[in-house]
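Shown next, in structure tokens, is the structure this report addresses.
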Amino acid sequence: MSDPTLTAAELAAVDLGSLTPPEAEALQRRIAASVEVAPLPLGGLRTVAGLDVAYSRTSDTVTAAVVVLDATTQQVLAQATATGTATFPYVPGLLAFREVPVLLRAWERLEVAEPPDVLVCDGAGRAHPRRAGLACHLGLLLGLPSVGVSKTPSVGGHEPPGPARGDWAPVVDGGEVVGRALRTRDGTKEVWMSVGHRADLDSATALVLATATRYRLPEPVRAADHLGRRVLRAGV
DNA sequence: GCGACAG
DNA sequence: ATCTTGTCGC
């Protein structure tokens, strides 16, 4: 019935780019079985990392960006990028296999005394066909709490959330609540968020709202998005 | 068999 | 994801 679990070390040892789609899907089932659900330590959050990947339109060059912000002041404490070639094509449901390798290279370049307390990824977490979106994959691999936030819906359906910041509606897929459609700003389009690793929906919602005050998307994700685009354009 | 499916 | 000008609004 349930797939065998996977440790961070075992996941890290996998050459993601060499997997066939069926093998990648099998790995995702194990990731889904290994992800942990727990409240984020909101009171003790000191730093939040945002992660994103920018794509070139003229080539298969990609740039991954990681930005670490102070959880309370939102000041940038550290940032790193890595540019490379996309080896895995974009396949719906297999985004992590395209983005994780280059994201890890950026991650390794980060110069921080302590790892960030939580990861906010541009993409899905459990709101995924196999409950193993990018945020689950990265959180498990890095052994850190993680949350996924996307600008467009992934799997599942939901009622429209109320019009005010903080309003949300559960996203249901296959009879299971897999995430939330959350309004982060009054009168603006909602974002779709779901749990990655070592998080739960309530605390993840609080984190997303706390980091998305001025704009629709959480500041860590915006910062990573902007950094990735800048570096990609500069051709570094 | 057909459609859905983050970036 | 990425391609793009203007436009409305704080």
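Numbers restart at 1 for each chain; the letters A, B, ... are given by sequence-line order, proteins then strands.
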Cationic N near anionic O, under 4.0 Å, A:D173 to A:R131: yes
Rounded to whole angstrom units, what separation is found between the OH atom of A:Y90 and the C1' atom of B:dA4? 10 Å
Salt bridge check, A:E219 against A:R222: does any charged N sit closer than 4.0 Å to a carboxylate O? yes
Whole-Å distance, A:R98 CZ to C:dT2 C1', equals 11 Å
If I take atom CG from residue A:L77 and atom CD from residue A:E111, how far apart are they, to the nearest 0.5 angstrom? 13.5 Å
Between atom CZ in A:R57 and atom P in B:dG7, what is the gap in whole Å? 20 Å
OP1, OP2 of C:dT2 versus side-chain N and O of A:R229: anything below 4.0 Å? yes
Would you call A:D60 and A:R98 a salt bridge, using N to O less than 4.0 angstrom? no
Within the structure, does a side-chain N or O atom of A:T152 lie under 4.0 Å from either OP1 or OP2 of B:dG7? yes
With both pairing distances under 3.5 angstrom for Watson-Crick or G-U wobble, and | for a partner in another strand, the correct string for DNA chain C is ..........
From NE2 of A:H128 across to P of B:dG7 the rounded distance in Å is 12 Å
I'd like to know if A:R126 and A:E176 make a salt bridge, using a cut-off of under 4.0 Å between side-chain N and carboxylate O. yes
Considering only heavy side-chain atoms of A:Q28, the closest of C:dT2, B:dA6, B:dC5 is B:dA6
Which whole-number value in Å describes the distance from A:L232 CG to C:dC3 P? 9 Å
Find the distance between OG (A:S146) and CG (A:L40) and round it off to the nearest 0.5 Å. 8.5 Å
Partner of A:L201 by side-chain contact (heavy atoms from CB on, under 4.5 Å), out of A:V37, A:V195, A:V178: A:V195
Between C1' of C:dG9 and CZ of A:R214, the distance in whole Å: 13 Å
I want to check one thing: is the phosphate of B:dG7, taken as OP1 and OP2, less than 4.0 Å away from some side-chain N or O of A:K151? yes
Between C:dA1 (C1') and A:H226 (NE2): distance, integer Å: 15 Å
Specify the separation, in whole Å, of atom CG of A:L94 and atom P of B:dG7. 15 Å
